[in-house]
Protein chains: 2
Amino acid sequence: MDARSSLQNRTPRKRRKMQRVTMMDVAKLAQVSPSTVSLYLRKPAAVSPAAGQEIARAISTLGYVPNLVAGGLAAASSKVVSIIVPSIRNAFFAETVSTLQSELAAEGLQVILGHSEYGEDQEEALVRTALAWAPAAVVLTGLSHNAETRKLLRASGVPVVEMWEIGGEPIDMAVGFSHPQVGASAARHLLSKGRRRVAFLGARMQEDHRAAKRASGFVEEARRAAEPASCEIVNHPGAATVEAGSLLLNRALQQIPDLDGIACSNDLIALGALFECQRQGIAVPDNIAVVGFGDLDFSASCIPSLTTIRPSGDLIGKEVARLILAGIHGEQPPAASRIIDTGHVLIERRST
Amino acid sequence: MDARSSLQNRTPRKRRKMQRVTMMDVAKLAQVSPSTVSLYLRKPAAVSPAAGQEIARAISTLGYVPNLVAGGLAAASSKVVSIIVPSIRNAFFAETVSTLQSELAAEGLQVILGHSEYGEDQEEALVRTALAWAPAAVVLTGLSHNAETRKLLRASGVPVVEMWEIGGEPIDMAVGFSHPQVGASAARHLLSKGRRRVAFLGARMQEDHRAAKRASGFVEEARRAAEPASCEIVNHPGAATVEAGSLLLNRALQQIPDLDGIACSNDLIALGALFECQRQGIAVPDNIAVVGFGDLDFSASCIPSLTTIRPSGDLIGKEVARLILAGIHGEQPPAASRIIDTGHVLIERRST
DNA sequence: AAGAAGGATCGTAGCGCTATTATAGCCGCA
DNA sequence: TGCGGCTATAATAGCGCTACGATCCTTCTT
């Protein structure tokens, strides 16, 4: 009896189905099968014009919005790219993310954003949730990640692009430039201007490995020159802000009283240093030459205009997008083009 | 025969299933049913400690990562919040998005980002894809949207928060402040400093309705004062940059040669104006007083330090997060608290 | 006229998970 | 001893869509 009863008194399982217009509704209204609607949505050219019009009409009268969650599950590939940056407040990354987002949106890809605050464990957690979305690709910042993060990503089989840094072994693909070389360029420039008592002003360099690499590239180049310069690194533990720049300049002056050139890990720091010079009546570039990094919004217009190194956040974003889209379109880039050097440009202005 | 044959020669439909560790694998290894694994993942307290440990072990040995796409489909609510801002390059929004992202991540919500570039049709497209993710909430910037966007959002039943502006009829909830009042505060401040020939410098005000509202609030207040000031609005069609600030100051000086006070729609513009004053030997605040908007990174440290109005992008982010999380936890906020005024603060510094 | 070839359309089995119901095991109390 | 009332676990039916074949029409050959 029990077996029978369990079949008989089965109430129609009510599921809380979100009341949403589904593809089925569209199909019914357009008098075609759901498959045809799906096909129309993915490749409109594959269905007859007549059916296409009917479907289009149905979609618009019903206000149908496809459910990408369902689609992603069925297709085993969600139309999502997960981007993890240290901080979106940082103008560098804001620029890259912005470009990347535009480029990817043009192909129907969504961007999921996470920020790690320069913490590797936080990054690991972000990667974990990122992978939970079965993303079409994961974009990370820099080449330093903890072992677990690398393992997770490798195991996932998802395309991975590391951006804003090259010069190490990427997990999969990398787009960026060499930070030691940026430091070296700054050093060479200051040396070429006859500066011999220089400093590198950076912030948060315990966590920001890329800034630290710019610093060490700077020091190395400054010291191995024909006429080497005396050289210090000054670090501010907090974020790279204008105020930090002012503080750092003062600390540098304490360490090297006859300082005649500085390179900054960020234009904001450079701007702070410029302001501090102005406050203290130090002439720029006559007494101290200043080189920044980032070529931010204000760098061309400040007083004096700032010599800086432009890393091209835009270009990085474009190249990352290109790699991702190529991968989605099934092109396997040759091993050689899996690492893209976007280079850097030193823009000489009045501050040196 | 056909009916039979169609049944007989049915080949086992091979589906390209992503080769991924599934919950089923975990269940098998832990010797429990998939339901128990699911339950454990959602409310660990509901399964026995023994089973829990077994499951945890299985998860870690297999390196299982739950598939949120499948989960979202089954649960009819994806753990995603879609945020649409005009531009992530804008420091205001970067700050809000950053805060929002942190607050939401703490509760396991992901942020999907889109930027509209101040275009209402582009915004509509973004809303459309946003809704396709069946998000837990949608966050928009400002109260100006086209009719279709409003319709889509209303029809979807998804919680909607409009941020960075109040003073109109929100679609659902709003967190922000009154832009006309910001303009009025700036005007009152300049008037209080005895300025009577003032201008408002803004950028992109055809598209950026909020900036336009700050401008009109400014003008209105300046003109209705006891001793009204002569007042102009100067607009730059391009983005709000430092360079635009320099250009705008010059244009303002052309229009009002004896200009003695300016309010800027953005601190970047104000900074550009400060630089231009310095270049031209115009004393700030003696000749011209400058009020900015945004209290950006450099505003406290520039020369002279900038009097500005702080809108608290942070606070907006926090409040938006609070509303969203309350909604997810099932609390229906009373109608009164569906509009939150985060206010604004005028910070007086040396430039006025 | 019969069949081949090709394009459009349809039917259906999952994608991996959660919500819901069903069931088994256990305790306490009459 | 037996029966409610628990709690912990299992079974099952989808969520809405896409991929894969299968099927149904045309049109073109010979």
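Convention: sequence-line order gives letters A, B, ...; per-chain numbering from 1.
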task = May I ask you to list the residues of residues 35-63 of chain B, by number, that have any heavy atom positioned under 4.0 Å from an atom of DNA chain C?
result = B:Ser38, B:Arg42
ask   = To the nearest angstrom, how far is B:Met23 atom CE from C:dC15 atom P?
value = 15 Å
query = D:dC17 C1' sits how many Å from B:Trp133 CH2, rounded?
reply = 12 Å
query = Given atom NZ of A:Lys79 and atom P of D:dC17, what is their separation to the nearest angstrom?
reply = 15 Å
key: B:Met24 CE - D:dA11 P separation (whole Å)   = 11 Å
key: Side-chain (B:Thr149) to main-chain (B:His145) donor-acceptor, under 3.5 angstrom   = no
query = Of the candidate nucleotides D:dA10, D:dG16, C:dG16, which contains the atom at the shortest distance from the side chain of A:Thr22?
reply = D:dG16
inquiry  = Do B:Ser38 and B:Ser35 pair up side chain to side chain, a donor and an acceptor below 3.5 Å, judged on atom types alone?
reply    = no
task = Output yes when a side-chain donor or acceptor of B:Glu165 lies under 3.5 Å from a complementary backbone atom of B:Leu143, and no otherwise.
result = yes
request  = To the nearest Å, give me how far apart CG (A:Leu131) and P (C:dG16) are.
outcome  = 15 Å
message = What's A:Val32 touching, base or sugar-phosphate or nothing? Going by heavy atoms closer than 4.0 Å.
response = sugar-phosphate
key: salt bridge (Lys or Arg N to Asp or Glu O under 4.0 Å) partners for A:Asp314, two or more places apart   = B:Arg89
query = Under 3.5 Å, is there a donor-acceptor pair between the A:Ser102 and A:Thr99 side chains?
reply = no
query = What is the distance, rounded to the nearest whole Å, between atom NZ of B:Lys28 and atom P of D:dA10?
reply = 14 Å
query = Between atom CD in A:Gln31 and atom C1' in C:dA8, what is the gap in whole Å?
reply = 17 Å
ask   = Does A:Thr96 reach the main-chain N or O of A:Gly317 with its side chain, forming a donor-acceptor pair under 3.5 Å?
value = no
key: Charged N-O contact under 4.0 Å between A:Arg128 and A:Glu148   = yes
query = Does any N or O in the side chain of A:Asp25 come within less than 3.5 Å of the main-chain N or O of A:Thr22, such that one atom is a donor and the other an acceptor?
reply = yes
query = Starting at CG of B:Leu73 and ending at P of D:dG16, how long is that distance when rounded to a whole Å?
reply = 7 Å
key: Of residues 105-113 of chain B, the positions that come close to DNA chain C - non-hydrogen atoms, cut-off under 4.0 Å   = none
request  = Could you point out which residue of A:Thr129, A:Leu113, A:Val80 forms a side chain to side chain contact (heavy atoms under 4.5 Å, CB included) with B:Gln110?
outcome  = A:Thr129
